[in-house]
Colleague: 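Handing you this structure, nothing more for now.
In what follows, chains are A, B, ... by sequence order, proteins preceding strands, each numbered from 1. Note that the coordinates shown come from a computational prediction; the quantities given were computed from them, not determined experimentally.
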Amino acid sequence: MIEVTGLTKRYGAFTAVQDLSFTVRPGEVLGLVGPNGAGKTSTLRCLAGIIPPNAGTVRIGGLDLASDPVAAKRQLAFLPDEPKLFDYLTVRQHLAFVARIYGVANHEPLAQTLLEELEIADKADQLPGELSRGMKQKLVIACGLLHGPSVIFFDEPLTGLDPLGIRRMKDSIRQRALGGAAIVLSSHLLHLLEEVCSHVLILKKGEKIAGGTLAEVSARFAQGESHVSLEEIFIRATGGTEG
Amino acid sequence: MIRAFFYLRGTTLQNQLLSRVRRLRQPKYLFGAIAGAAYFWFIFFRQTGFKGPPGRGLPPMAEGSDLFPLVFIFGAFVTYALYRVIAAWAAPAAPGLPFTEAEAAFLFPAPLSRRTLIHYKLLSSQLPILFQAALLTLISTRWTFLGGNAGIHALGWWVIFSTLNLHTTGAALTVTRLIAQGVGKLQRQVVVFGLLLLLAAAVAVILWRTAPPLTANDTAHPAALFRYLAGLTRAGPLYWLLLPGRVVVAPFLAQGWREFFLVLGPALLVLAAHYVWVLRSETPFEEGSIAQAEKRGAAVAALKAGTYRLGGGKARPGPFQLASHGGRPEIAFLWKNLLSTQSFFTLRTFAASAGVIVVVCTWLSHGSDAQRSTLSILGVCGVMMAGYALVLGPQLARQDFRGDLGHMDLFKTYPLPGWQVVLGELLAPVAILTGIVWLALLTATLSLGAFRAPVVWLTVEFRTTAALCLAVVLPLLCTLQLMVPNAATLLFPSWTQATRTRDRGLDVMGQRLIFAAGQFFVIALAVLPAAVAGVLLWFAARLLGGEVGSAVMATLGIVLVLGLEIAVGLLCLGWRFEKFDLSSESVK
Ligand SMILES: Nc1ncnc2c1ncn2[C@@H]1O[C@H](COP(=O)(O)OP(=O)(O)O)[C@@H](O)[C@H]1O
Ligand SMILES: [Mg+2]
């Protein structure tokens with residue numbers, strides 16, 4: 001469960017996110033869409049407690065992220081667009097480290113299952129430098145899922161993946177939602193939204209211009225026409241210009 | 001090509017200067033520039049008398065007491081030159097010529113002949129050479145006993161560096177060609193080092209047989225010693241062996257302009273011969289250049305990201321087994337950061353070293369006078385080592401926030417209070433420095449047994465107590481020392497970034513000076529209350545009991561104050577870490 005009210009993030013005088021409010025229930029997947037620079041990454045970083053918002057509250061599983069950050073963070077995972085790994089820890093050592101940080105007892109069987117699910121078990125003793133981009137992304141996911149988060153944030157989860165990797169990622173997101181996780185992902189790739197999101201939120205220059213279930217948003221911008229593509233809706237919604 | 005070259009260099013230089021000047025608007029660079037300029041002026045100009053009335057100058061430097069720095073500088077320069085020559089000949093992979101990635105991308109596909117590229121490279125290296133020559137001239141004009149003047153020195157340095165550069169360029173091309181012809185790394189290194197050994201042996205033998213004895217007169221004055229050493233190289237086969245080097249250095253050593261022009265001829269001849277050699281060794285060097293450029297680019301990127309490591313990138317088991325359940329998260333940071341450094345920082349290495357130290361020191365302390373004096377030298381080394389580890393250690397052991405700036409975002413998503421992350425990040429360098437300091441302390445303590453007539457108050461009992469007390473206090477001091485650069489990283493991440501780049505310039509140098517002074521100041525301030533508490537408790541306890549008891553009391557007081565300071569520091573830094581917004585610091 002994610003509850004956001006009045007979220008605002010400013011960089012100096014520049015407002016990157018303006019008064020954003022929404023709720024994501026367990027099992028829902030919310031897609032944040034918008035052109036480059038719309039404020040998607042800034043929003044997600046505020047939600048994960050990486051950067052402090054200038055105004056508004058974020059509640060993760062009922063816990064306020066500002067007043068009880070440790071307990072709130074225990075329930076979430078943030079998967080950045082660029083896989084950032086420790087150069088000198090092997091795949092397995094990454095998982096051991098994360099297990100200790102999150103206090104996951106007896107993590108080995110869990111880690112092994114995750115590695116096998118993600119098909120990187122055979123790379124368990126390699127350093128990130130020897131892994132391909134897709135493999136690194138998988139390792140980041142394994143680290144994020146090890147403590148069984150009930151809230152997951154994905155920032156541009158498909159960046160740099162090959163077609164097969166994209167399919168697996170979509171499956172993996174859907175599976176986590178079915179398992180009861182509340183998920184927020186950002187993307188400017190519309191087919192991802194169509195296939196995995198239950199809800200969308202369209203951002204433009206940091207402001208919400210539309211939100212709701214996929215059907216509701218389509219209906220709002222279809223203007224009575226039938227079979228309007230998502231791409232067309234997106235372009236109409238954002239006014240067809242960047243930023 | 002020449003015009004393109006000058007355009008590129010000119011605009012690069014202009015833009016560099018402009019951006020340097022422009023960034024002075026930021027106070028951190030302005031203050032850095034002021035500190036750097038003051039330092040520079042103080043070191044070079046003030047003492048050379050550049051600014052003073054001509055002819056009055058300061059007394060010449062070579063007054064005997066300066067022999068050490070002089071020999072040091074001279075030795076350092078010869079070592080540097082030798083290193084460059086040997087490194088060029090013994091390069092492990094095809095070295096190519098040192099083009100940057102951008103140069104390689106633009107110039108290699110361009111319609112330029114290989115000879116033109118070589119010329120381009122030679123011309124580009126002139127800028128740093130001119131800079132080096134100017135800088136060294138500022139230093140060498142202080143060596144008045146050398147004779148000559150600033151102009152002669154400047155031109156002399158230019159001849160030396162240009163020849164060195166041509167030599168390494170020729171060597172790089174030759175080695176590249178040899179590798180293309182299938183001559184392996186081992187073969188070359190055997191030949192290079194074999195030749196060196198042979199030369200060294202020959203020199204040693206010749207000196208042994210022919211050198212005139214060194215008299216007191218020769219060592220009375222550095223100039224005399226120089227003359228003596230120069231005399232050695234003028235005799236017999238050594239003359240021929242060192243001739244090329246002497247010819248190159250001769251213009252620099254000239255006493256006046258007349259002599260300068262006399263010896264310039266042969267020096268230029270050597271330079272020209274090198275130039276011809278370089279042109280004749282033309283060989284496909286592009287591949288090697290690209291490989292080396294990529295390597296350098298990756299190293300610079302790693303340095304900027306704070307992930308630059310000296311140790312190779314090999315997977316290995318951790319320094320200890322991270323228990324698979326339970327346990328504090330701080331230990332995970334320690335484990336991770338120890339993995340990022342050399343593999344010998346383990347408890348086992350520490351125990352083994354301690355064992356060796358105990359055995360060696362005990363053996364030495366029960367032996368002859370010679371053994372005992374060796375032990376006392378070891379003891380002095382131990383004290384020096386401890387001092388270095390305490391003072392310089394925090395700058396060298398950087399397996400903390402300074403190495404993890406790129407992972408700050410990740411750490412902030414961890415369900416840990418800030419102080420725990422800070423503590424965890426501090427543990428690795430603290431552990432490393434503590435290990436080193438303890439070993440040094442052990443050596444120093446055991447070496448005190450070397451005194452034949454023991455100082456009265458230096459009983460075994462007191463020695464042991466003092467060592468144990470120090471062993472307790474020093475890790476806390478290390479922690480405090482390490483908190484300063486980490487606090488700087490959290491408070492001014494972009495400053496920390498600035499001190500880590502290879503960016504050069506007066507302002508960056510000044511920033512480093514400011515940092516060093518700041519560190520010193522903060523530590524002095526932090527240690528003062530602890531020292532006061534320790535001294536007061538010591539005297540109070542002395543009124544009641546013996547030395548051992550008062551030492552323990554004093555230590556307790558110091559530990560209490562330092563511990564309190566560390567705890568407060570951790571809480572403050574933890575609070576700062578929680579508020580830390582790297583994205584608003586524009587670190588990139
Ligand atoms: N650290 C920062 N400092 C200043 N402006 C920033 C910073 N990070 C992002 N921005 C600005 O905020 C806006 C939103 O950025 P971001 O959240 O990364 O957008 P998105 O992820 O949707 O592409 C952009 O205009 C960007 O330039
Ligand atoms: Mg983004």
Colleague: Pick one of side chain, backbone, both or neither for B/L322, based on which atoms fall under 4.5 Å of a heavy atom in chain A.
Modeller: both

Colleague: Which bit of A/A99 comes within less than 4.5 Å of chain B, counting heavy atoms only: side chain, backbone, both or neither?
Modeller: neither

Colleague: For the CZ atom of A/R100 and the CD1 atom of B/I331, what is their distance to the nearest 0.5 Å?
Modeller: 7.0 Å

Colleague: Answer whether the closest heavy-atom distance between the side chains of B/L339 and A/F97 falls below 4.5 Å.
Modeller: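 Not in contact.
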
Colleague: So, does B/K412 use its side chain to make a donor-acceptor pair with the main chain of A/A48 at under 3.5 Å?
Modeller: no

Colleague: Quick one: what part of A/D125 sits under 4.5 Å from any heavy atom of chain B, side chain, backbone, both or neither?
Modeller: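 Backbone only.
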
Colleague: Looking at CZ of A/R74 and OG1 of B/T413, how far apart are the two atoms once the value is rounded to the nearest 0.5 Å?
Modeller: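 Going from CZ on A/R74 over to OG1 on B/T413, the span is 12.5 Å.
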
Colleague: Which heavy atom in B/D409 sits nearest to a heavy atom in A/R45, and how many Å separate them?
Modeller: OD2-NH1, 2.6 Å

Colleague: Testing the basics here: between A/P52 and B/K579, what is the closest heavy-atom pair and its distance to 0.1 Å?
Modeller: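 That would be CG-O, 4.2 Å.
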
Colleague: Looking at A/Q93 and B/K336, would you say the former's side chain and the latter's main chain have a donor-acceptor pair under 3.5 Å?
Modeller: no

Colleague: Tell me, with the steps shown, if B/W335 and A/L89 meet side chain to side chain contact (heavy atoms under 4.5 Å, CB included).
Modeller: CA-CA 10 Å; B/W335 178 81; A/L89 261 58; 4.2 Å; yes

Colleague: State, with a plain yes or no, whether a side-chain heavy atom of A/Y88 is found less than 4.5 Å away from one of B/N337.
Modeller: yes

Colleague: Is the shortest heavy-atom distance from the side chain of B/F333 to the side chain of A/I101 under 4.5 Å?
Modeller: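 Yes; the side chains approach each other to less than 4.5 Å.
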
